[in-house]
Amino acid sequence: MSNNLSKQLCELCGIEKTVDFTKPENFARLWEVVNKQTKEELIGRITGRILVEAGDYIYELKQSIREAEWVYD
């Protein structure tokens with residue numbers, strides 16, 4: 001992400017002082033904030049795509065999900 005994109009994001013979100021989102025600690029925090037808001041939506045989108053779409057991309061996505069190491073309750 002360039003400094004220009006960091007500036008644009010700050011402007012869009014109403015942050016007066018420009019934050020450098022390319023710094024690892026700021027990027028990690030941004031990722032955490034975005035994931036908190038979109039986690040359920042993202043899971044729903046993935047589920048919907050798997051149920052509705054076909055093709056190599058979906059096959060590879062399903063295979064990657066199946067083969068990943070997961071933490072279980």
Side-chain angles (χ1 to χ4, degrees):
M1 176 181 289
S2 71
N3 286 336
N4 187 39
L5 291 175
S6 289
K7 183 178 178 182
Q8 288 178 12
L9 183 57
C10 288
E11 289 173 359
L12 288 169
C13 295
I15 300 172
E16 293 180 16
K17 187 175 178 182
T18 301
V19 176
D20 183 358
F21 289 107
T22 62
K23 290 185 176 182
E25 61 273 15
N26 289 334
F27 183 80
R29 179 66 180 137
L30 176 63
W31 184 258
E32 181 182 315
V33 169
V34 169
N35 279 335
K36 183 177 181 181
Q37 296 296 319
T38 62
K39 181 174 37 177
E40 291 296 323
E41 179 184 345
L42 179 60
I43 293 170
R45 284 184 183 184
I46 291 169
T47 302
R49 288 187 75 174
I50 289 172
L51 290 172
V52 173
E53 295 182 22
D56 292 340
Y57 170 76
I58 295 300
Y59 174 80
E60 291 173 9
L61 176 61
K62 287 167 60 174
Q63 185 174 1
S64 296
I65 292 170
R66 182 173 49 251
E67 293 174 354
E69 293 184 27
W70 302 105
V71 176
Y72 297 93
D73 291 334

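Here, residue 1 is the first one in the sequence, and each next residue gets the next number.
Taking the charged nitrogens against the carboxylate oxygens, Arg29 and Glu25 have no contact shorter than 4.0 Å, which rules out a salt bridge.
The side-chain contact (heavy atoms from CB on, under 4.5 Å) check on Glu11 picks up Lys7, with sequence neighbours excluded. Under the side-chain contact (heavy atoms from CB on, under 4.5 Å) criterion, Leu12 pairs with no residue at all, not counting sequence neighbours.
Considering CD1 of Ile65 and CD1 of Ile46, their distance stands at 5.5 Å, rounded to 0.5 Å. The CD atom of Glu60 sits 11.0 Å away from atom CD of Glu67, with the distance rounded to the nearest 0.5 Å. With rounding to the nearest 0.5 Å, the separation of CD1 in Ile15 from CG in Leu9 is 6.5 Å.
Between Val19 and Leu30, the closest side-chain pair of non-hydrogen atoms is not below 4.5 Å.
Closest of all the heavy-atom pairs between Ser6 and Phe21 is OG-N, 3.1 Å. Taking both residues in full, the closest heavy atoms of Ile50 and Lys62 are given as CG2-CD, 3.6 Å, listed atom of the first, atom of the second, then distance.
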